[in-house]
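What follows is one structure encoded as structure tokens, with my remarks underneath.
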Amino acid sequence: MSAPELIRIVSRDSPMALAQVERVRAELGALHPGIATEVIPVKTTGDRWMGALSQVEGKGAFTKEVDAALLAGEADLAVHCVKDIPGDRPLPAGTTFAAFLKRDDVRDALIHPGGLNLDELPAGTRIGTSSVRRIAQLAGFHPHLQCVPMRGNANRRMEKLAAGDADALLLAVSGLERIGRTDVITEILSVDEMCPPVGAGVLALQCREGDTETIDAVSGLGHPQTHQETTAERMLLHVLQGHCNSPIAGYATTDRRGELSLRACVFTPDGKTVLNAHEWAGPLTPETLGTSVAVALLRQGARELIDGIAH
């Protein structure tokens, strides 16, 4: 199969999203030096809307316009953060994942101008975040802290912090790494203290199903271990049918022996109820592992918990 001469890459137009595209361009250029690339930035509903995502289209608000450009033939390749791609429904018809890039750090970081760690923050400290996953875990383990709604890209949130809209922030370590701002990190939280979202730290490459030239060209960027982990996590989310207001966390890991495992949690918004499940794949496929962990959570009452949250 001949390689395309040009691959048009569509992405959100935020600084972080464009930094992610540059990583893809660099890796693609190293793999196929003869392929030229063109970037097509688009502004998504999620980037324009600063209110609750549930009032627009949930997490699909960050992917709808990107998917539309791909399906319309205006672009050949879409770059997404996996955590932004809805897991409760299939990809748009006619599209497919061509590759998952090697996973970055899955953890969350605390940013506090005074240099305090999470356990050192005084009662009433305002934490800027709109993530229901983070809010539930803070409410459960640090009920003396106050969460204040804050959306926008990482740079915008740091501007709001400097303006006094919050006393501290929680942001993804991987995102701060991508925009070169790890200097602001006060503390990196362990996955036991703040369980990551499904798809944390993973970039997905999405193509039209029939575009075999592009699929073949970019599939070599895929990382097999990340593919297994992401597949298990997204199947978990699919079976749980979590929506944008569902405090669901989950991450798969691969140990040194190559053994895959998946840990997941479902929370009530106030963090007072936490459902936990953790299983090793053994002979199971990643898809079956994700299903098994989801079923374990459903047996504990996850369906009633998720459906009881307005969205």
Side-chain angles (χ1 to χ4, degrees), residues 14-17 19-20 46 53 59 62 81-85 87 103-121 125-161 165-203 226 229-230 233 236-237 242 244-253 262-267 269-271 274 276 278:
S14 71
M16 187 179 300
Q20 292 164 177
L53 289 177
K59 286 197 173 181
F62 290 115
C81 288
V82 171
K83 66 181 181 60
D84 292 334
I85 304 173
R103 186 169 223 161
D104 294 323
D105 202 314
V106 303
R107 297 171 296 176
D108 285 299
L110 175 72
I111 300 173
H112 184 265
L116 298 181
N117 290 340
L118 191 60
D119 288 336
E120 297 170 336
L121 297 178
T125 297
R126 298 168 302 154
I127 309 291
T129 181
S130 291
S131 162
V132 295
R133 171 189 61 88
R134 290 173 178 145
I135 291 170
Q137 293 183 77
L138 284 174
F141 300 117
H142 301 275
H144 60 291
L145 304 179
Q146 176 188 352
C147 290
V148 293
M150 187 172 291
R151 290 201 44 246
N153 61 56
N155 287 318
R156 180 63 181 136
R157 293 190 206 190
M158 286 188 282
E159 290 172 2
K160 292 180 179 180
L161 174 65
D165 293 352
D167 303 313
L169 295 177
L170 283 177
L171 294 173
V173 173
S174 61
L176 291 168
E177 289 176 340
R178 290 166 188 165
I179 61 172
R181 289 308 311 271
T182 55
D183 59 294
V184 300
I185 295 176
T186 305
E187 178 187 16
I188 295 179
L189 306 181
S190 72
V191 293
D192 293 324
E193 190 165 16
M194 185 63 64
C195 194
V198 164
V202 180
L203 297 182
T226 300
E229 294 171 358
T230 305
E233 292 172 15
L236 161 85
L237 197 55
C244 66
N245 277 351
S246 305
I248 296 173
Y251 69 103
T253 57
L262 174 62
R263 176 192 173 193
C265 304
V266 179
F267 308 86
D270 62 8
V274 184
N276 278 285
H278 182 201

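Keep in mind that the numbers below use all heavy atoms, side chains included, and drop hydrogens, waters and symmetry copies. Please read these numbers as outputs of a predicted model, since none were measured by experiment.
- With a 4.5 Å cut-off on side-chain heavy atoms, Val148 and Ile127 do not count as touching.
- Put simply, CD1 on Ile135 and CD on Gln146 are 11.0 Å apart, with the number rounded to the nearest 0.5 Å.
- Asp165 has no carboxylate O lying under 4.0 Å from a charged side-chain N of Arg157, or vice versa, which leaves the two without a salt bridge.
- Using a 4.0 Å cut-off between charged side-chain N and carboxylate O, Glu193 and Arg134 make no salt bridge.
- A salt bridge does not link Arg178 with Asp105: every distance from a Lys NZ or Arg NE/NH1/NH2 to an Asp or Glu carboxylate oxygen is 4.0 Å or more.
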Problem set entry | side-chain contact (heavy atoms from CB on, under 4.5 Å) evaluation trace for His112 with Glu187 | CA-CA 9 Å; His112 184 265; Glu187 178 187 16; over 6 Å; no
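- Listed here is the closest heavy atom pair of Ser174 and Gly201: OG-CA, 3.9 Å.
- Thr226 places a side-chain N or O within 3.5 Å of a backbone atom of Arg103 that can act as its donor or acceptor partner.
- Between Ala252 and Glu233 the shortest heavy-atom distance is N-OE2, 2.7 Å.
- Using modelled atom types, one side-chain atom of Lys160 and one backbone atom of Arg151 make a donor-acceptor pair closer than 3.5 Å.
- For the residue pair Leu118 and His142, the shortest heavy atom distance occurs at CD2-NE2, 3.4 Å.
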For this session: Assess whether side-chain contact (heavy atoms from CB on, under 4.5 Å) is satisfied between Arg107 and Val191, documenting all intermediate values.
Result: CA-CA 6 Å; Arg107 297 171 296 176; Val191 293; 4.0 Å; yes
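- Checking side-chain atoms of Ser130 against main-chain N and O of Met150 turns up a donor-acceptor pair under 3.5 Å.
- In plain terms, the two heavy atoms of Arg263 and Asn276 that are nearest each other are NH2-OD1, 4.2 Å.
- For the atom pair CG (Leu262) and OG1 (Thr253), the distance works out to 8.5 Å, reported to the nearest 0.5 Å.
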For this session: Evaluate the criterion side-chain contact (heavy atoms from CB on, under 4.5 Å) for residue pair Tyr251 and Val198; output intermediate values, then yes/no.
Result: CA-CA 6 Å; Tyr251 69 103; Val198 164; over 6 Å; no
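- Distance check: Leu116 CG to Asp167 CG gives 10.5 Å after rounding to the nearest 0.5 Å.
- Atom CZ in Arg156 sits 8.5 Å away from atom CG in Asn153 (nearest 0.5 Å).
- Interatomic distance, CG of Leu169 versus CD1 of Ile185, reported as 11.5 Å (0.5 Å rounding).
- The shortest heavy-atom contact between Ser246 and Val132 is O-CG2, 3.7 Å.
- Considering every non-hydrogen atom in both Leu176 and Ala109, the closest pair reads CD1-CB, 4.2 Å.
- The distance from atom CE of Met194 to atom OG of Ser131, rounded to the nearest 0.5 Å, is 8.0 Å.
- A donor-acceptor pair under 3.5 Å is absent between the side-chain atoms of Asp108 and the main chain of Leu170, judged by distance alone.
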